[in-house]
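To keep things clear, I will list the structure first and then write my remarks on it.
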Amino acid sequence: MEEHHCCFYSKMLSRFSSISSFMLSLVIVLVVRVLYVMYQCGKPFPKGASRSLTTLIVLGSGGHTAEMLSLLSVLRMDRFTPRFYIAAATDNMSLHKARSFEDSLADKPATKEASLQYTQIYRSREVGQSYVTSVWTTILATVHALWLMIRIRPQVILCNGPGTCIPLCVIAFLFKVVGIRWSSIFYVESVARVKKLSLSGLLLYKLRMADQFFVQWPQLQKNYPRAHYVGCLM
């Protein structure tokens with residue numbers, strides 16, 4: 001009987017050791033991959049890259065949207081196509097402003113409508129919402145963001161502060177780690193942020209998720225040296 005128990009415990013110990021070794025190897029591979037992604041972030045697109053880049057543009061409400069459209073007005077829009085505009089489900093004005101902006105562009109390609117899409121996404125937490133109920137809405141927003149990222153598979157993500165961008169950027173970073181899609185994240189901090197980053201900006205900066213991080217005030221660049229000071233864009 002004792003010999004039987006010893007054999008049983010030996011097999012269990014062997015299985016546990018195999019599982020532990022596998023889990024340790026998996027963790028090491030993931031850590032190495034995360035470090036590699038962080039190292040590669042911010043590097044320019046390789047030569048021979050596509051002339052047009054599938055672009056996801058995250059709009060916030062009010063000033064965030066105005067700043068983003070102002071930024072888009074100085075870009076070569078023919079390089080960033082097709083374009084997908086995303087705003088919070090409770091924000092009806094931002095997508096309307098985006099449509100007006102697109103209609104105002106001087107050079108309108110023949111396939112303009114086909115290369116533009118306007119989508120709304122659930123917010124993780126509304127202003128004034130309790131943290132308890134925000135657990136469910138955060139899960140819902142993350143699942144919705146995952147579905148959108150799988151469908152769009154952007155090469156470029158442009159965002160400038162709204163909390164709506166966080167689930168999208170987190171999923172984009174995870175896609176890089178597992179090798180699904182490499183999306184370059186460009187974050188431009190709002191001009192309203194003079195001395196401190198917004199919560200969205202702080203998360204993307206500290207977690208090193210943004211490929212390029214831009215600020216509009218020199219004080220911010222001094223406090224966050226990895227950021228690039230570009231002056232006021234408005």
Side-chain angles (χ1 to χ4, degrees), residues 29-30 32-60 64-65 68-69 71-72 75-89 91 94-95 98-99 101-102 105 109-124 138-188 200-201 203-205 207-214:
V29 170
L30 286 176
V32 171
R33 180 64 184 176
V34 168
L35 293 175
Y36 171 77
V37 169
M38 288 181 173
Y39 172 75
Q40 289 293 328
C41 281
K43 291 192 174 182
F45 288 106
K47 292 182 179 180
S50 174
R51 289 179 58 85
S52 60
L53 302 167
T54 302
T55 304
L56 177 64
I57 303 165
V58 186
L59 301 175
H64 285 301
T65 295
M68 178 58 72
L69 296 181
L71 171 63
L72 293 176
L75 297 181
R76 285 185 52 191
M77 299 301 282
D78 59 313
R79 288 279 287 136
F80 301 94
T81 184
R83 294 186 290 278
F84 296 81
Y85 289 90
I86 287 188
D91 180 10
S94 290
L95 294 183
R99 287 190 178 93
F101 167 77
E102 289 289 347
L105 294 180
T111 57
K112 174 177 177 292
E113 290 300 327
S115 65
L116 297 171
Q117 289 194 33
Y118 305 89
T119 306
Q120 289 181 299
I121 186 175
Y122 295 115
R123 291 189 62 171
S124 299
T138 298
I139 294 173
L140 184 62
T142 302
V143 172
H144 191 199
L146 177 60
W147 178 80
L148 288 173
M149 289 296 291
I150 293 174
R151 182 172 67 88
I152 298 172
R153 293 169 62 85
Q155 293 167 279
V156 172
I157 298 176
L158 300 177
C159 48
N160 68 335
T164 310
C165 74
I166 294 301
L168 297 166
C169 291
V170 169
I171 293 169
F173 185 82
L174 293 177
F175 278 9
K176 292 180 184 179
V177 173
V178 299
I180 294 177
R181 180 66 152 179
W182 192 281
S183 302
S184 295
I185 301 172
F186 295 87
Y187 183 90
V188 182
S200 299
L203 287 172
L204 294 180
Y205 182 89
L207 297 177
R208 296 176 179 265
M209 290 186 182
D211 292 79
Q212 295 289 341
F213 197 102
F214 302 98

Exercise for review: Go through the steps for Leu116 and Thr81 under the test side chain to side chain contact (heavy atoms under 4.5 Å, CB included), then give the verdict.
Suggested key: CA-CA 8 Å; Leu116 297 171; Thr81 184; over 6 Å; no

**Study point:** Test ring-ring contact (aromatic ring centres under 6.0 Å, His included) applied to Phe175 - qualifying residues, sequence neighbours left out
**Key:** none

**Study point:** For Ile57 against Met68, the heavy-atom pair lying closest together
**Key:** CG2-CG, 3.7 Å

**Study point:** Atom of Gln120, atom of Leu95 and distance for their closest heavy-atom approach
**Key:** CG-CD1, 3.5 Å

Review point. What heavy-atom pair brings Ile185 and Cys159 nearest, and what distance separates the two atoms?
Key: CG2-SG, 4.3 Å

Point to revise | Non-hydrogen side-chain atoms of Leu146 and Ile150 separated by less than 4.5 Å | key: yes

Check your understanding: Considering all heavy atoms of both residues, which atom of Met149 and which atom of Ala172 are nearest to each other, and what is their separation?
Key -> CE-CB, 3.6 Å

Exercise for review: Identify, with sequence neighbours excluded, every residue that meets ring-ring contact (aromatic ring centres under 6.0 Å, His included) alongside Tyr85.
Suggested key: Tyr118

Practice item. To the nearest 0.5 angstrom, please state how far the CG atom of Leu158 sits from the CD atom of Gln212. Key: 12.0 Å

Review point. Going by the salt bridge (charged side-chain N to carboxylate O under 4.0 Å, His left out) test, which pairs reach into residues 140-166, not counting sequence neighbours?
Key: none

Point to revise | Gap separating the CD1 atom of Ile86 from the CD atom of Gln117, nearest 0.5 angstrom | key: 9.5 Å

Check your understanding: In chain order, what residues pass the ring-ring contact (aromatic ring centres under 6.0 Å, His included) check against Phe80, with sequence neighbours excluded?
Key -> none

Review point. Which side-chain hydrogen bond (donor to acceptor under 3.5 Å, both in side chains) pairs, counting each pair once, include a residue from residues 156-175, with sequence neighbours left out?
Key: none

Point to revise | With sequence neighbours excluded, residues passing side-chain hydrogen bond (donor to acceptor under 3.5 Å, both in side chains) with Ser200 | key: none

**Study point:** Residue pairs passing the salt bridge (charged side-chain N to carboxylate O under 4.0 Å, His left out) test where at least one lies in residues 159-187, sequence neighbours excluded
**Key:** Lys176-Asp211

Review point. Atom CG of Leu69 and atom CG of Leu59: how far apart are they, to the nearest 0.5 Å?
Key: 6.0 Å

**Study point:** Inter-residue atom distance Ser52.OG - Arg83.CZ, 0.5 Å rounding
**Key:** 10.5 Å

Exercise for review: Return the minimal non-hydrogen interatomic distance between Ser94 and Thr65, and the atom names on each side.
Suggested key: OG-OG1, 2.6 Å

Check your understanding: What pair of heavy atoms forms the shortest contact from Leu168 to Ile157, and how long is it?
Key -> O-CD1, 4.5 Å

Point to revise | Nearest-0.5 Å distance that lies between atom CG in Leu72 and atom CE in Met77 | key: 4.5 Å

Review point. When rounded to the nearest 0.5 angstrom, what is the spacing between SG in Cys165 and OH in Tyr187?
Key: 6.0 Å

Check your understanding: With a 4.5 Å limit on heavy-atom distance, are the side chains of Arg79 and Leu53 in contact?
Key -> yes

Check your understanding: What residues form a side-chain contact (heavy atoms from CB on, under 4.5 Å) with Ala141, not counting sequence neighbours?
Key -> Tyr122, Ser124

